[in-house]
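Take a look at the structure below.
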Amino acid sequence: MKNVVEIIMKIVFLLAACVSIMAVAMICIFLFANGIPAMQEIGFVKFLTGKIWRPSNNIYGILPFILGSIYVTAGAIIMGVPVGIMTAVFMAKFCPKKLYKILKPAIDLLAGIPSVVYGFFGLVMLVPVTGSSILTASIILAIMILPSVIGVSESALRAVPDSYYEGALALGATHERSVFAVMLPAAKSGIFAGVILGIGRAIGETMAVMMVAGNQTGMPSGIMEGVRTLTSNIAIEMGYATDLHREALIATGVVLFVFILIINISFSLLKRRSK
């Protein structure tokens, strides 16, 4: 009976894995089958490096949106990742138990807040101060990636064997030095994973960015200027797009998909080198 249960569970796990692979494959087929022909018709170089997006004149250049996504994501990383990692270190090695019982649910709650609520918060509280700009979108995204960075980084720190910490103390290191010089480097693989998850969340976010970034289709000229990202462009125009316009938006999704793929591959190579 035990062997039968094991065989059944292996089949269940195999089917689950196949469903996941099929879902990814179907998404890839849909994107590339509809996006690549549009790129060919517009011209790959013209599509990727064009500075003007004007569907009414059949002009499709997404360079401003690519730069907008990069700038907004980079700003979120610069502001959010250090705060997230330091918070994870505090929660894992410095936080009192009573405070931890309050802080942990609060951070988990951040992950469950809908993105439109973050966007509304930014629209009401930040836009009057910083305007609809790259800076505003970066601040909102920095807040949104905190749960991913903190959760994974804290788990990585707690997974480091206690013998590392105890050995550092035995050699005369202080508590702070043991944590930052021994525990933190030992957990860098898991911390990188949290950072990658945060980057994926930031570059793929749509609603919150669309509400606070200004949605200007021109080339971004400064952090206080409005910008439109790849995801925002798709969300704004897909509802009424037809023919080549619609295919160009799907091609924009292909570019976004490639960005995510490059990030994941880069993380895998970095993780392999660190090992």
Side-chain angles (χ1 to χ4, degrees), residues 50-54 61-91 103 106-153 191 194-239 249 252-253 255-256 259-260 263:
K51 298 180 181 180
I52 300 175
W53 177 269
R54 196 172 296 156
I62 64 169
L63 183 60
F65 310 146
I66 294 175
L67 294 178
S69 295
I70 292 173
Y71 291 163
V72 169
T73 303
I77 294 169
I78 292 171
M79 289 184 280
V81 168
V83 174
I85 293 176
M86 292 298 102
T87 303
V89 172
F90 172 74
M91 292 179 64
L103 190 58
I107 293 174
D108 292 339
L109 181 62
L110 282 177
I113 297 175
S115 59
V116 68
V117 176
Y118 283 107
F120 186 71
F121 168 78
L123 195 63
V124 174
M125 301 299 295
L126 298 179
V127 170
V129 179
T130 58
S132 297
S133 61
I134 294 174
L135 178 60
T136 307
S138 297
I139 294 172
I140 291 297
L141 285 180
I143 297 173
M144 294 180 70
I145 69 174
L146 284 178
S148 300
V149 177
I150 294 172
V152 178
S153 298
I191 293 173
V195 173
I196 294 300
L197 285 175
I199 293 174
R201 174 75 189 274
I203 200 170
E205 180 54 43
T206 304
M207 183 56 67
V209 175
M210 189 168 63
M211 294 175 69
V212 302
N215 299 315
Q216 298 178 14
T217 59
M219 291 288 290
S221 56
I223 61 172
M224 301 305 294
E225 300 296 327
V227 72
R228 180 182 288 188
T229 62
L230 292 168
T231 53
S232 297
N233 187 53
I234 296 171
I236 290 171
E237 300 189 5
M238 183 58 78
L249 292 175
T252 304
V255 175
L256 184 63
F259 271 160
I260 299 296
I263 291 171

Exercise for review: Kindly check if the number of other-residue, nucleotide or ligand heavy atoms within 6.0 Å of CZ (F120) is above 12?
Suggested key: no
Check your understanding: Is M125 atom CE crowded by more than 12 heavy atoms from other residues, nucleotides or ligands, each under 6.0 Å away?
Key -> no
Straight-line distance of [X] [atom1] to [Y] [atom2], nearest 0.5 Å:
{"X": "I145", "Y": "M79", "atom1": "CD1", "atom2": "CE", "answer": "9.0 Å"}
{"X": "I150", "Y": "T87", "atom1": "CD1", "atom2": "OG1", "answer": "4.5 Å"}
{"X": "T252", "Y": "I62", "atom1": "OG1", "atom2": "CD1", "answer": "5.0 Å"}

Study note, to complete from the structure: Hits for side-chain hydrogen bond (donor to acceptor under 3.5 Å, both in side chains) against E237, two or more places apart or cross-chain, chain-then-number order -> W53, R228, H245
Review point. Can you name the residues that form a side-chain hydrogen bond (donor to acceptor under 3.5 Å, both in side chains) with T229, not counting sequence neighbours?
Key: T231, S232
Practice item. Could you check I140 against V209 for side-chain contact (heavy atoms from CB on, under 4.5 Å), going step by step and ending with a plain yes or no? Key: CA-CA 8 Å; I140 291 297; V209 175; over 6 Å; no
Validation row: [X], [Y] side chains within 4.5 angstrom (heavy atoms):
{"X": "L110", "Y": "P147", "answer": "yes"}
{"X": "F65", "Y": "V227", "answer": "no"}
{"X": "I77", "Y": "I199", "answer": "yes"}
{"X": "I191", "Y": "V152", "answer": "no"}
{"X": "I196", "Y": "I263", "answer": "yes"}
{"X": "I260", "Y": "I203", "answer": "yes"}
{"X": "I134", "Y": "E225", "answer": "no"}

Review point. Strictly by modelled atom types, are S133 and T136 linked by a side-chain donor-acceptor pair under 3.5 Å?
Key: yes
Exercise for review: Would you check if the side chain of Y118 reaches a backbone N or O of I143 as a donor-acceptor pair within less than 3.5 Å?
Suggested key: no
